Protein chains: 2
Amino acid sequence: MKPTIRDVAKMAEVSISTVSRVMNSPESVIESKRARVLEAIEKLQYQPNSFARGLIYKKSFTLGLLIPDIENFYYTGIIRGMQDACIKLGYSLMICNTDRDKNRLLAYIDAFHEKQVDGIVFASDVMFPEYYEKLVRCKIPFVLLSTHSDEFEVPCVEIDDEEAAYDAVKFLIDLGHRDIGMIGFNHENSISGPPRYQGFIRALEEAGLEHNREKIRYATHRFEHAYHAAHELFTDYPDTTAVFCVADEFAMGVISYLKDRNILVPGQVSVVGFDNLRIANMFIPKLTTIAQPMYEMGCRAAEKLHELVTTGSVEVLREKMEHKLIVRESSRQR
Amino acid sequence: MKPTIRDVAKMAEVSISTVSRVMNSPESVIESKRARVLEAIEKLQYQPNSFARGLIYKKSFTLGLLIPDIENFYYTGIIRGMQDACIKLGYSLMICNTDRDKNRLLAYIDAFHEKQVDGIVFASDVMFPEYYEKLVRCKIPFVLLSTHSDEFEVPCVEIDDEEAAYDAVKFLIDLGHRDIGMIGFNHENSISGPPRYQGFIRALEEAGLEHNREKIRYATHRFEHAYHAAHELFTDYPDTTAVFCVADEFAMGVISYLKDRNILVPGQVSVVGFDNLRIANMFIPKLTTIAQPMYEMGCRAAEKLHELVTTGSVEVLREKMEHKLIVRESSRQR
DNA sequence: CTTTTCGAAGAAAACCTTTTCAAAGCGATT
DNA sequence: AATCGCTTTGAAAAGGTTTTCTTCGAAAAG
């Protein structure tokens, strides 16, 4: 049986109030008793019961993180950042993987509610009214990560997707490419899909390359889809010399496809990815890509959530993080 | 204010006991009242307070998972499996990433203890006496995953590392290779290091290829180390025609090194990996590798822990999972 | 028609801690 | 000597649930 505060009190021959005080405001109890209590705590290996504590404080000192797909390398960086921030701020972290399943996500919110997490970071997914209302009804504070909501006023941490996509495409154009394709996210069920598309278009228009507008194929997160999308793209537009991919995993899919078709990357076709996953630097060829500061974003999300939880509001609603183009081996001057 | 069982009772005009019964043994309360209670619960969006519950049950219905490095792709499969099993079994899951830091790991155990997790899955790391004793003192049940302990009697789920390594090397030998190197885990701080080494040696001896005994270089988990280890190996033994790597990430490092040296894989050198990460199928060339059933191992670990938590013991102490050689593109007949 | 039995539901205790309130002790002030 | 104020301590309430113990009433048995 786990020792309770009562056992400590008995051993130290004081009341339980005194034991509690020793732990929470030690200066208020006289030296001699304090020493006895501390000794008893040590001897019994006493650890306060967090359930009893939670009952009183109405706080669990736990944050929840909701991610769509833990097998997506993108989230591992986020998790590390958030976990480190949680340690600093004194929280535990509960990570849940929704597998992009609506019901599962809803169930996790219930679980979080029941476990009384102090707040939730909601990563990447679209904030459907259903989710929003549930969260509000449960009165759980939350912040969005790598996503935002136009419909509701929710704090978020993200990069400028439009600008980042623009930078990537501009880079390809500056390299001399005139026939540029794109592998994008489907616009429904995706927040970063539209702005990245916009960035692509803006870069094209600025350079008078509107004839590429239609060279877009869509994929849904996974390598295999991107491989297939690349097949479609190059079947329809075999003269394409550069492809902008909205995810590194897509870039790998495209490069694999080109490899199978014996098209050289970057020799014949340049490919730019997005995210700068750890794998981007391990792939052959190493990927040119738009880097997102995943670790920092995880940290910021946790800090922002902490701010929201403790003060009830946040100073800046939408926080933009810096992206950066990283040039490696998958792109080349035309 | 969150609604409590009291509010539900008032609205349904019954006692709190009845409300409690509706939730825990509905058949014991009469239809009419049950309906009223259910309605009130629905209307108030009532959710029982898990602190109060925990206080009574002395259970948190939460399991902890301790992993050394979340950026290692190996663990994402494990996490998915374990999380799915947890859902089935009615647990929440708390994942902690130790970054292979002893103090951090110890701190997480404290956190788990304080949060009263019902049990812990301890993945991949060496079970140092320090950890073991702490866990025992805290009376937290735990199982080992992808590791085991010779020193202590702890339930575990793992594959047969010796056999798996043997299979991989045997495969290379059967392919006609006579000059085979290995990139292994350092033996200190690694559980699977020694048996995989043994498997390598056994396969060599069986084929009368003992002259390869020394062709081993070590790396510590990361791609870059493996790249460097490959450099050492091929500098010392330039005639090597096949490399057995104890991790897919090592295989990628080796292949990257060979690529930089303009040595073709599998044209001139065959490379076999270990784990069958998702990335093994995305890499160029796709990796021949030993598959571990990561998802199933995560599941089994959770189930086993559940068994341990609920019954106090497990039926089979050391559970062996099946591995399997997957032949892809990084290996070829010599 | 009375007694027994059984089902349903309420009251209250228990789980463990923090915190408020009250009391006791004691030196200092009037 | 009585009062005041201060420090230190203990008693008790509060937090929300489950569960045991009782009670009440109705149905079954005699």
Side-chain angles (χ1 to χ4, degrees), chain A residues 1-38 40-41 44-62 90 110-111 113-118 138-139, chain B residues 1-41 44-62 90 92 113-118 138-139:
Chain A
M1 202 66 285
K2 244 189 114 185
T4 73
I5 199 171
R6 231 171 216 91
D7 302 315
V8 176
K10 203 173 293 173
M11 176 176 279
E13 300 181 299
V14 296
S15 73
I16 59 168
S17 325
T18 304
V19 177
S20 176
R21 272 187 279 259
V22 167
M23 297 187 306
N24 298 300
S25 51
E27 69 288 351
S28 77
V29 20
I30 223 161
E31 173 60 31
S32 62
K33 295 201 182 185
R34 197 192 331 166
R36 286 209 322 263
V37 170
L38 257 12
I41 287 178
L44 291 170
Q45 286 275 326
Y46 167 71
Q47 173 119 39
N49 182 313
S50 67
F51 295 131
R53 274 201 152 141
L55 207 47
I56 291 170
Y57 292 134
K58 298 176 194 312
K59 282 201 65 177
S60 61
F61 299 98
T62 301
D110 275 333
H113 184 206
E114 199 227 310
K115 287 259 156 50
Q116 337 235 355
V117 300
D118 300 333
C138 293
K139 299 205 182 65
Chain B
M1 203 65 281
K2 243 188 113 185
T4 74
I5 199 173
R6 234 172 213 92
D7 302 316
V8 177
K10 205 173 293 173
M11 175 175 280
E13 299 180 301
V14 296
S15 74
I16 60 168
S17 324
T18 303
V19 177
S20 177
R21 271 188 277 259
V22 167
M23 297 187 306
N24 298 301
S25 52
E27 70 287 353
S28 78
V29 20
I30 222 161
E31 172 61 30
S32 62
K33 297 202 180 182
R34 199 190 331 164
R36 290 213 314 268
V37 169
L38 256 15
E39 194 195 327
I41 287 178
L44 291 170
Q45 285 277 321
Y46 167 71
Q47 174 114 46
N49 181 314
S50 68
F51 295 131
R53 273 202 153 141
L55 207 47
I56 290 170
Y57 290 134
K58 298 176 196 313
K59 283 200 65 177
S60 61
F61 298 98
T62 301
S92 297
H113 183 206
E114 201 227 308
K115 286 258 156 47
Q116 336 235 356
V117 300
D118 300 332
C138 293
K139 299 203 183 62

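All figures in this text were calculated on a predicted structure; none of them were measured in a lab. The figures here come from the full heavy-atom set of this structure, side chains too, leaving out hydrogens, waters and symmetry mates. In what follows, chains carry the letters A, B, and so on, assigned in the order in which the sequence lines appear, proteins first and then strands, with residues in each chain numbered from 1.
- Contact between B:Phe61 and B:Asp118 at its shortest, heavy atoms only, is N-OD2, 2.7 Å.
- Residues B:Gln47 and B:Lys2 come closest through the heavy atom pair O-NZ, 3.7 Å.
- Of the candidates A:Pro26, A:Ser20, A:Ser28, A:Asn24 forms a side-chain contact (heavy atoms from CB on, under 4.5 Å) with just one, namely A:Ser20.
- Across all their heavy atoms, B:Ser15 and B:Ala9 have their closest contact at C-CB, 3.8 Å.
- Among pairs with a residue in residues 23-40 of chain B, those fulfilling salt bridge (Lys or Arg N to Asp or Glu O under 4.0 Å) read B:Glu31-B:Arg34, B:Glu39-B:Lys43, at least two apart in sequence or across chains.
- When all heavy atoms of A:Thr18 and A:Val29 are compared, the pair lying nearest together is CG2-CG2, 4.0 Å.
- Residues A:Ile16 and A:Ile5 approach most closely at O-CD1, 3.7 Å, considering heavy atoms.
- Sorted by residue number, the members of residues 10-21 of chain A with any non-hydrogen atom under 4.0 Å from DNA chain C read A:Ile16, A:Ser17, A:Ser20, A:Arg21.
- Judged purely by atom type and a 3.5 angstrom limit, B:Ser92 has no side-chain atom pairing as donor or acceptor with the backbone of B:Thr62.
- To the nearest 0.5 Å, atom CG of residue A:Leu55 and atom CG of residue B:Leu55 are 6.5 Å apart.
- Extent of DNA chain C lying under 4.0 Å from chain A heavy atoms, first and last nucleotide in 5' to 3' order, is C:dC16 to C:dT20.
- Spacing between atom CG of B:Asn24 and atom C1' of D:dT17 amounts to 9 Å, rounded to whole angstrom units.
- Annotation: the terminal axes of the helix from C:dC1-D:dG30 to C:dT30-D:dA1 meet at 60°, where each axis is the rotation carrying the C1' atoms of four end pairs onto the next four (5 pairs per end, rounded to 10°).
- Remark: B:Gln45 CD is packed, more than 12 non-hydrogen atoms of other residues, nucleotides or ligands lying under 6.0 Å away.
- Between B:Arg53 and B:Pro48, the shortest heavy-atom distance links the atoms NH1-CG, 3.5 Å.
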Write out a two-atom table: protein N or O, nucleotide N or O from nucleotides 22-26 of chain D, distance below 3.5 Å.
none

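- Side-chain contact annotation: A:Ser60 with A:Lys115, donor-acceptor N/O pair under 3.5 Å absent.
- Heavy-atom neighbours of B:Lys59 NZ from other residues, nucleotides or ligands within 6.0 Å: above the threshold of 12.
- Near-neighbour residues of DNA chain C inside residues 46-62 of chain A, defined by a heavy atom below 4.0 Å, number-ordered: A:Tyr46, A:Pro48, A:Asn49, A:Ala52, A:Arg53, A:Ile56, A:Tyr57.
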Audit row: A:Tyr46, A:Met11, side-chain contact (heavy atoms from CB on, under 4.5 Å) steps and yes/no: CA-CA 12 Å; A:Tyr46 167 71; A:Met11 176 176 279; over 6 Å; no
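- Separating the CD1 atom in B:Ile41 from the CG atom in B:Leu38 is a distance of 5.5 Å, to the nearest 0.5 Å.
- Mapping A:Met23 and B:Val29 onto DNA chain C via the closest heavy atom, the residue that lands nearer the 5' end is B:Val29.
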